[in-house]
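As structure tokens, the structure follows; a few thoughts come after it.
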Amino acid sequence: MDKKITISRKDFLRLAGFGSLTLLSSLAAGSLISGCVDAGEADLSPTHKSSLSKWEPDVEIALKATLGEVQLFKQEATRAWLYQGRVLSGDPASLQHLPDTYVGPILRFKVGQKVRIHFTNELPEPTIIHWHGLHVPHEMDGHPKNVIDSGETFIYEFQIANRAGTYWFHPHPHGRTGPQVYYGLAGLMLISDDEESALGLPSGEFDIPLIIQDRTFNEHNQFDYLPRGQFDRMAGFLGDQVLINGRPDFELSVQARPYRLRLLNASNSRIYKLAWEDGSPLTVIATDGGLLEIPLQRDYVTLGPAERVELWVDFNHWVVGSKLRLQSLPFSGIGASGMMGAGGSLANGASFDVLNVHVGRATSEGERLPDRLSEIQWYKPGDAVNPGQPRRFNLEMQGMRPTINGRSFEMEAVAKDEVVKLNNVEVWEFANRSNGGNLRGRGMMGGMNMPHPMHVHGLQFQVIDRQVEPDSMRDWESVQHGYVDEGWKDSVLVMPGERVKVLLKFEDFTGLYLYHCHNLEHEDLGMMRNYRIDP
């Protein structure tokens, strides 16, 4: 149902440069269906004009993916792929660029708002944007079949139907998601609502997003990505230094008062086991899909690729002048024997510093953490149409190929066991069969223990059960106390030998959506499948 609208070269250049609002507003096609806009030579025809959308957005944004550079180090600037945007109508605070970095921008929306985004591709290859975690029609979800070529524009129209929370957006072309994210394309999307606002949580300068990534740079300060071969790609790309908000030298200076820290693991494949160096507990207030019912404490938090947590941190707990370190603690059970992963020498599961924090002046200001954060309308396992027989998805390495139920990605193919019904509640089980015990005797991949952070598009789900094979128990125990399964999720880490059951409801929209491993190298190698919601 996508529509292509041809516009003149002159008007296209105005659009790519965030030109007139009148032109941009006239390009939306369909009530909630966007179009792909060609940079052609002909003007809009009367037929196109008569079929334009009457859908009026609360916020309208022009966003483009383009080539640029940023000064991350001394001497040579780093070439990067960037999202750049501008608010065309609505609240100017809906888009915030982060200074001196390749990541971003941050998009800020409110529940119920209608949003229109004109996305223009200025990259040398096809791309598309996926709004990670959002509940949107399938045409708006960023399926790789909807990629646009360089010089084209895709118009997104959707209403914000999610709970308040921390979401994000990134590219989703098949086979190129890993490198496009790695070279810089990722941004946060922060959603608010009245329930959250009434809590009086830290806001403004005391509400800090922290995008965690690992990268490797060559001697000329350029991103070094290219995997050395298929075997290396199986482990996923691991950089040798950690960046926060796209900065290698990021340090957080805070006042001695409460803060809200929003953490996103936007790394291609790295898992973080986050803890304060001095052993102080972490207070978790939200996960992928928004606020928890009550605050929870963890000695550490395990954060797989694409997962988010929000922390409430009262820096009054430390003496003014203190220097704190947020670390990633060591854990086991990752990768093949002797393999660090493509790109760097810092192994998945190694111990390293993530963030340095400096506690500044004391202040009498500060909010009290509420005892209760949110009212959540949970699904119940008894509501499921298959509580005793969950849909089983076996996650395996077959030779040099990561698979789901023995299958790899096909652009529009859907197997019979990947068709679900609108309004049904179901139990899905992800079973990670890539632990060494289950793969003995299968050749060179037999010793590879590969975690799989599984992401389901178009909805939020509940984690209702975790089980682990006896021969994987030791490795699983090194991370399992850091899981935060008490909230809504759209991504869940499944360790080697682990089986995770999730409860999902397929609401509001029919059509074709994706589920896949969010180790981006695994995804690009085909560990991704479609599921279809039928009426």
Side-chain angles (χ1 to χ4, degrees), residues 130 132-133 166-168 170-172 177-178 181-182 186 211-214 233-239 263-274 287-289 300-309 328 331-335 341-342 347-349 393-397 402-404 409 428-435 448-463 466 468 472 475-476 478-480 482-485 487-502 504 513-529:
H130 168 53
H132 187 113
T166 303
Y167 305 88
W168 65 303
H170 59 79
H172 221 294
T177 297
V181 172
Y182 187 82
I211 303 170
I212 309 173
Q213 297 175 312
D214 57 333
R233 293 181 70 195
M234 297 303 297
F237 192 92
L238 300 172
L263 278 62
L264 160 67
N265 180 356
S267 299
N268 280 35
S269 68
R270 185 176 295 280
I271 298 164
Y272 298 90
K273 183 178 176 180
L274 300 172
T287 52
D288 301 348
Y300 64 87
V301 168
T302 304
L303 203 63
E307 290 186 302
R308 288 89 69 203
V309 293
S328 187
F331 56 92
S332 60
I334 306 299
N348 218 349
F393 299 94
N394 291 322
L395 315 175
E396 296 183 282
M397 300 294 185
T403 63
I404 303 175
F409 181 63
W428 285 13
E429 182 179 67
F430 296 113
N432 188 340
R433 295 168 55 84
S434 68
N435 62 315
M448 180 177 283
N449 298 335
M450 293 308 311
H452 297 299
M454 297 303 297
H455 172 47
V456 182
H457 282 219
L459 50 74
Q460 296 285 320
F461 55 74
Q462 299 163 229
V463 179
R466 290 181 184 266
V468 65
S472 299
D475 296 334
W476 179 74
S478 73
V479 297
Q480 64 104 3
Y483 293 144
V484 186
D485 291 339
W488 288 110
K489 300 280 291 175
D490 55 57
S491 304
V492 63
L493 182 61
V494 188
M495 291 292 284
E498 190 175 18
R499 301 190 311 276
V500 178
K501 290 181 181 178
V502 301
L504 322 86
Y513 291 89
L514 296 165
Y515 67 101
H516 60 85
C517 178
H518 220 283
N519 178 321
L520 297 184
E521 283 68 49
H522 290 181
E523 174 186 333
D524 283 346
L525 287 170
M527 199 169 197
M528 176 166 67
R529 292 288 302 175

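Numbering starts at 1 and runs along the sequence shown.
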Check the pair Glu523, Thr177 against side chain to side chain donor-acceptor pair (under 3.5 Å), reporting the backbone distance first and the verdict last.
-> CA-CA 8 Å; Glu523 174 186 333; Thr177 297; 3.3 Å; yes

Could you go step by step and tell me if Val468 and Arg499 meet the side chain to side chain contact (heavy atoms under 4.5 Å, CB included) rule?
-> CA-CA 6 Å; Val468 65; Arg499 301 190 311 276; over 6 Å; no

Report yes if some heavy atom in the side chain of [X] is under 4.5 Å from a heavy atom in the side chain of [Y]; otherwise report no.
X	Y	result
Thr302	Leu274	no
Met454	Cys517	yes
Met495	Val479	yes
Leu493	Phe430	no
Tyr515	His455	no

Under the salt bridge (charged side-chain N to carboxylate O under 4.0 Å, His left out) rule, collect the residues that match up with Asp490, sequence neighbours excluded.
-> Arg308

Decide side chain to side chain contact (heavy atoms under 4.5 Å, CB included) for Ile404 and Phe409; before the verdict, give the C-alpha distance in whole Å, the side-chain angles of both, and the deciding distance to 0.1 Å.
-> CA-CA 9 Å; Ile404 303 175; Phe409 181 63; over 6 Å; no

Go through the side-chain N and O atoms of His522 and Ser269 and say whether any donor and acceptor fall under 3.5 Å apart.
-> no

Write down the atom of Asp214, the atom of Tyr182, and the distance for their closest heavy-atom approach.
-> O-CE1, 3.9 Å

Report the residues that fulfil side-chain hydrogen bond (donor to acceptor under 3.5 Å, both in side chains) with [X], sequence neighbours left out, ordered by chain and then residue number.
X	result
Glu429	Arg392
Tyr272	Ser267
Thr403	none

Can you tell me if Asp524 uses its side chain to pair, donor with acceptor, with the backbone of Gly178 under 3.5 Å?
-> yes

Without swapping roles, check the side chain of Lys273 against the backbone of Ser478 for a donor-acceptor pair under 3.5 Å.
-> yes

Could you give me the CA-CA distance, side-chain angles and deciding distance for Phe331 and Asn348, then say whether side chain to side chain contact (heavy atoms under 4.5 Å, CB included) is met?
-> CA-CA 8 Å; Phe331 56 92; Asn348 218 349; 4.1 Å; yes

Aromatic plane relationship, Phe393 with Trp428 - under 30° parallel, 30 to 60° tilted, over 60° perpendicular = tilted

Show the numbers, then the answer: is there a ring pair (Phe, Tyr, Trp, His ring centres under 6.0 Å) between His132 and His172?
-> CA-CA 10 Å; His132 187 113; His172 221 294; 8.6 Å; no

For Val463, what residues pass the side-chain contact (heavy atoms from CB on, under 4.5 Å) criterion, not counting sequence neighbours?
-> Phe461, Arg466, Asp485, Lys489, Val492, Val500, Val502

With sequence neighbours excluded, tell me which residues meet side-chain contact (heavy atoms from CB on, under 4.5 Å) with Pro305.
-> Asn265, Ile271, Pro453

Yes or no on side chain to side chain contact (heavy atoms under 4.5 Å, CB included) for Leu459 and Leu504, after CA distance, side-chain angles and deciding distance?
-> CA-CA 8 Å; Leu459 50 74; Leu504 322 86; 3.8 Å; yes

Testing His516, Glu521, His518, His452 for side chain to side chain contact (heavy atoms under 4.5 Å, CB included) with Met527, which one passes?
-> His452

